[in-house]
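Notes for the one structure printed next.
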Amino acid sequence: MNRFAAPADPLARGPLPDAPAAGEARSPLGTSHTPFIATTEGEGGLHIPRVLPGADGWIRYATPGPFDRYPETEVLLARTAGTEPSGRPDGNVVVPYRQAHCMINRLCQGCGCPAERCEKGLLTVLLATRSDGSAAATSGKSDMPPSCARCALRYCPVLAARGRRLLWVGRAEVIGVYAEVFLPPSRDGRSAKTSHVLPGSARGLSEQLVLFDDERTLSASVATRFVCDLKRVSDADPVHIAELARKQAARTPLTGPRACGRTTAEAGRPA
């Protein structure tokens, strides 16, 4: 059973779908805002519609949609209340489909382009402190996809408040999901737990970890984020990352679809 896709070619650009035809659902990947994985005002908070047990034992939505599961995975993903990525992004809440896309394919969470990598591993940005002010962990379970060099240094209000750690991650295995769990699934055709809306804030994101090895629980779960296990972690030199960012800037314009890094207006803002 293939629970998650193989990593993308590290030199390939993240896919940017064409505009949907009339009557087709818009892909969650069809956006150029930053951070790429963040929800926007047009998408609102996360939403879990009514779920039903499927014939294969995995729950599904009563009204299925084309982006309910990431390709080659079986995990049901939470939806957003709206489907139009527009307006101001909310960095505290991520779109499950976009987060899965970046986590599985080793793409930058900020712009959706390939993440920076070297012999030490993938470039990853983590919060330096927890909400209580204590030092945050730099290895172990994480729901943060990797980053390109430019996005690793771009202004972020959350990182400005709690600091950032620039890290090289030698191994980042996707091991499970944070999810809302609906157990036990009904076996008589009736709906499972009634639908509810997750508020558009960090407090609305499930913190229940469901590992891929726990198939029974996974089959009754609605995922809000994929989770990886960070190993062989080492500090990245900010000066070196800044030099990589300058080289990346020479190759990639600051404007246009899926442009990464800071805009001109942000260039003077402190990180």
Side-chain angles (χ1 to χ4, degrees), residues 6-14 16 32-38 89 91 94 98-99 101-130 133-174 226-271:
D9 182 342
L11 299 180
R13 186 178 179 85
L16 186 62
S32 60
H33 75 275
T34 58
F36 176 65
I37 64 174
V94 302
R98 288 201 289 269
Q99 191 265 1
H101 177 66
C102 291
M103 185 75 83
I104 292 170
N105 296 291
R106 310 298 193 251
L107 302 177
C108 174
Q109 62 172 294
C111 63
C113 295
E116 189 71 46
R117 63 178 66 205
C118 70
E119 68 279 359
K120 295 181 180 181
L122 285 165
L123 179 61
T124 302
V125 182
L126 299 182
L127 290 168
T129 60
R130 297 186 175 93
S134 61
T138 57
S139 61
K141 300 177 183 64
S142 173
D143 59 1
M144 299 292 283
S147 177
C148 71
R150 288 171 78 186
C151 288
L153 299 175
R154 74 184 301 273
Y155 175 79
C156 170
V158 177
L159 293 173
R162 294 173 55 183
R164 74 183 70 204
R165 289 290 299 273
L166 302 177
L167 304 166
W168 294 113
V169 177
R171 182 178 180 184
E173 180 185 1
V174 184
F226 275 65
V227 180
C228 62
D229 187 14
L230 306 182
K231 296 181 179 180
R232 301 205 302 269
V233 178
S234 59
D235 286 315
D237 180 4
V239 175
H240 179 219
I241 301 304
E243 178 59 29
L244 292 175
R246 283 190 287 271
K247 292 179 180 179
Q248 185 180 350
R251 301 190 305 266
T252 309
L254 276 171
T255 59
R258 197 62 60 79
C260 57
R262 291 183 288 185
T263 64
T264 304
E266 292 174 323
R269 299 171 71 178

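Values reported hereafter were calculated over all heavy atoms of this structure, with side chains retained and with hydrogens, waters and symmetry mates removed. Numbering of residues begins at 1 and proceeds along the displayed sequence. Keep in mind that this is a model prediction, so the values were computed, not measured.
Remark: A172 pairs with V169, C228, L230 by the side-chain contact (heavy atoms from CB on, under 4.5 Å) rule, at least two apart or across chains. Shown here are the side-chain hydrogen bond (donor to acceptor under 3.5 Å, both in side chains) partners of R171, two or more places apart in sequence or in another chain: E173. Scanning for side-chain contact (heavy atoms from CB on, under 4.5 Å) contacts around I241 gives L123, A149, A152, L153, L166, W168, A236, L244, with sequence neighbours left out. Under the side-chain hydrogen bond (donor to acceptor under 3.5 Å, both in side chains) criterion, R246 pairs with E243, sequence neighbours left out. Residues passing the side-chain hydrogen bond (donor to acceptor under 3.5 Å, both in side chains) test with D235 are R165, sequence neighbours excluded.
Side-chain N or O atoms of N105 include none that pairs as donor or acceptor with a backbone N or O of L107 at under 3.5 Å.
In this structure the side chain of C113 never reaches within 4.5 angstrom of the side chain of C148, judged on heavy atoms. Using a 4.5 Å heavy-atom threshold, the side chains of V94 and R98 count as separate. Counting only heavy atoms from C-beta outward, the side chains of C151 and T34 never approach each other to under 4.5 Å. Contact of the E116 side chain with the P146 side chain is not registered, since no non-hydrogen atoms from C-beta on lie closer than 4.5 Å.
Summarising the geometry, atom CG belonging to D143 is positioned 6.0 Å from atom CD belonging to Q99; distances are rounded to the nearest 0.5 Å. Taking CG of L126 as the start and CE of M144 as the end, the distance is 6.5 Å to the nearest 0.5 Å.
Between F226 and M103, the shortest heavy-atom distance links the atoms O-CE, 3.4 Å.
Residue pairs meeting the salt bridge (charged side-chain N to carboxylate O under 4.0 Å, His left out) criterion with at least one member in residues 119-130: none, sequence neighbours excluded.
When each of C111, C108, P145 is tested with C102 by the rule side-chain contact (heavy atoms from CB on, under 4.5 Å), just one qualifies, namely P145.
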